[in-house]
> 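Mind looking over this structure? Questions follow.
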Amino acid sequence: MSGPLFGIVPAGLPLITEPTSTPSVTSFLYALPTNKSYSHIVVFLLPNVVLPENTAAAIYLATATEVAAAAQSGGTPNFRFLGGIGPGKESAMFKVGGGSSASASSSPEASGLVIGVSVEPADTVGQRLQELTASKTTGAVASTARPSTAILAQRIIQNAFNFLASFSGTAGTGGVEVVPLRAFEDWWRKFESRVRADPSFLEKQTD
């Protein structure tokens, strides 16, 4: 494979076609500009470029600092898999950050970002895509997980306390605080009715 194969467009910036470096005949590194802010990039196959049969392009992301450190130590940069392109999907958009520019020294983008493009067996890229999709799905499920039993119990107790507090009074020597049994029965009846109407209302409650 010779000549530019891929185009990269950081949102709002000019097209990049020439790799910054070529570690091998099938892998290419593109250092992204740091003079302007952006949060997404588009990677695509250039016109008339056809990848070898049964291959696809895997897209990776790392910071320039990580790439430089790996080069000095002779190690491998810690690239994060973003996705892939190839026959039938010649382009794709990827989120690479929060839109910070080089002036925001506290962000990863401040040291620059490097896109790695590697031509790999299509089956390998497909498997990586499945794993990426599965991890995103797992994260989405985890973020909407139901509250724990302990949290639900706390919410029931809080609900009862809020209702019964207005019925409290004192009795006996020393003014012991008491709540009429009838008030508790009223709370339970109303609470049970609400559970029947909306079994998930405690799960929706925010602390």
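Computed from a prediction, not measured in an experiment: that's the story for all the values here. We number each residue from 1, following the sequence as shown.
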> Measure the spacing between CG of Leu113 and CD1 of Ile41 and express it to the nearest 0.5 Å.
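Going from the CG atom of Leu113 to the CD1 atom of Ile41 covers 8.5 Å.
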
> Under the rule for side-chain contact (heavy atoms from CB on, under 4.5 Å), what residues qualify as partners of Ser24, not counting sequence neighbours?
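Partners of Ser24 by the side-chain contact (heavy atoms from CB on, under 4.5 Å) criterion, ordered by chain and then number, come out as Thr26, Ser27.
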
> Going by heavy atoms in the side chains, are Glu90 and Ile85 under 4.5 Å from each other?
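No, their side chains stay 4.5 Å or more apart.
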
> Nearest 0.5 angstrom please: Leu82 CG to Ile115 CD1, how far?
5.5 Å

> Using only atom types and a distance under 3.5 Å, with no angle test, would you say the side chain of Thr55 pairs donor to acceptor with the backbone of Leu51?
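It does not hold such a pair.
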
> Do any N or O atoms from the side chain of Glu18 and from the backbone of Ile16 form a donor-acceptor pair under 3.5 angstrom?
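No: the side chain of Glu18 does not pair with the backbone of Ile16.
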
> Are Ile8 and Leu32 close enough that some pair of their side-chain heavy atoms sits under 4.5 Å apart?
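Heavy-atom side-chain distance check passes, below 4.5 Å.
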
> Would you compute the distance between atom CZ of Phe6 and atom CZ of Phe28 and round it to the nearest 0.5 angstrom?
6.0 Å

> What are the two closest non-hydrogen atoms of Ala58 and Val125, and how far apart are they?
CB-CG2, 4.1 Å

> Determine the minimum heavy-atom distance between Pro52 and Val119, stating which atoms define it.
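That closest heavy-atom pairing would be CD-CG1, 4.4 Å.
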
> Please report the closest heavy-atom contact between Asn78 and Ala62, naming both atoms and the distance.
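Scanning both residues completely, I find the closest heavy atoms to be O-CB, 4.0 Å.
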
> What is the distance from atom CZ of Arg80 to atom OG1 of Thr63, rounded to the nearest 0.5 Å?
11.0 Å

> So do the side chains of Thr17 and Leu46 get within less than 4.5 Å of each other, counting heavy atoms only?
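In short, these two side chains touch, coming nearer than 4.5 Å.
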
> Of all the heavy-atom pairs spanning Leu15 and Gly7, show the shortest one and how long it is.
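Nearest heavy atoms, Leu15 then Gly7: CD1-CA, 3.8 Å.
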
> Which distance, rounded to the nearest 0.5 Å, do you find between the NZ of Lys95 and the NE2 of His40?
4.5 Å

> Checking Asp123 now: which residues fulfil salt bridge (charged side-chain N to carboxylate O under 4.0 Å, His left out) with it, not counting sequence neighbours?
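Applying salt bridge (charged side-chain N to carboxylate O under 4.0 Å, His left out) to Asp123 gives none.
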
> State whether the side chain of Gln127 and the backbone N or O of Thr124 hold a donor-acceptor pair below 3.5 Å, judged by distance alone.
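Flag not set: sc Gln127 to bb Thr124 has no pair under 3.5 Å.
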
> Would you check if the side chain of Ser193 reaches a backbone N or O of Arg189 as a donor-acceptor pair within less than 3.5 Å?
no

> Would you say Thr20's side chain and Ala31's backbone share a donor-acceptor pair under 3.5 angstrom?
yes

> Side-chain contact, heavy-atom cut-off 4.5 Å: Phe191 with Asn159?
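Of all side-chain heavy-atom pairs linking Asn159 with Phe191, at least one is under 4.5 Å.
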
> For residues Leu29 and Phe79, determine if any side-chain heavy atom of one lies less than 4.5 Å from a side-chain heavy atom of the other.
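Yes, at least one pair of side-chain atoms sits under 4.5 Å.
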
> Going by salt bridge (charged side-chain N to carboxylate O under 4.0 Å, His left out), name the residues that satisfy it together with Glu192, two or more places apart in sequence or in a different chain.
Arg196

> Side-chain contact test, heavy atoms from C-beta onward, threshold under 4.5 Å: evaluate it for Tyr38 versus Val96 and give yes or no.
yes

> Partners of Phe167 by ring-ring contact (aromatic ring centres under 6.0 Å, His included), sequence neighbours excluded?
Phe163

> For Tyr60, what residues pass the ring-ring contact (aromatic ring centres under 6.0 Å, His included) criterion, not counting sequence neighbours?
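Result, ring-ring contact (aromatic ring centres under 6.0 Å, His included) vs Tyr60: Phe81.
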
> Not counting sequence neighbours, which residues clear ring-ring contact (aromatic ring centres under 6.0 Å, His included) with Tyr30? List them please.
none

> Please report the closest heavy-atom contact between Gly84 and Phe94, naming both atoms and the distance.
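Closest heavy-atom pair between Gly84 and Phe94: N-CZ, 4.2 Å.
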
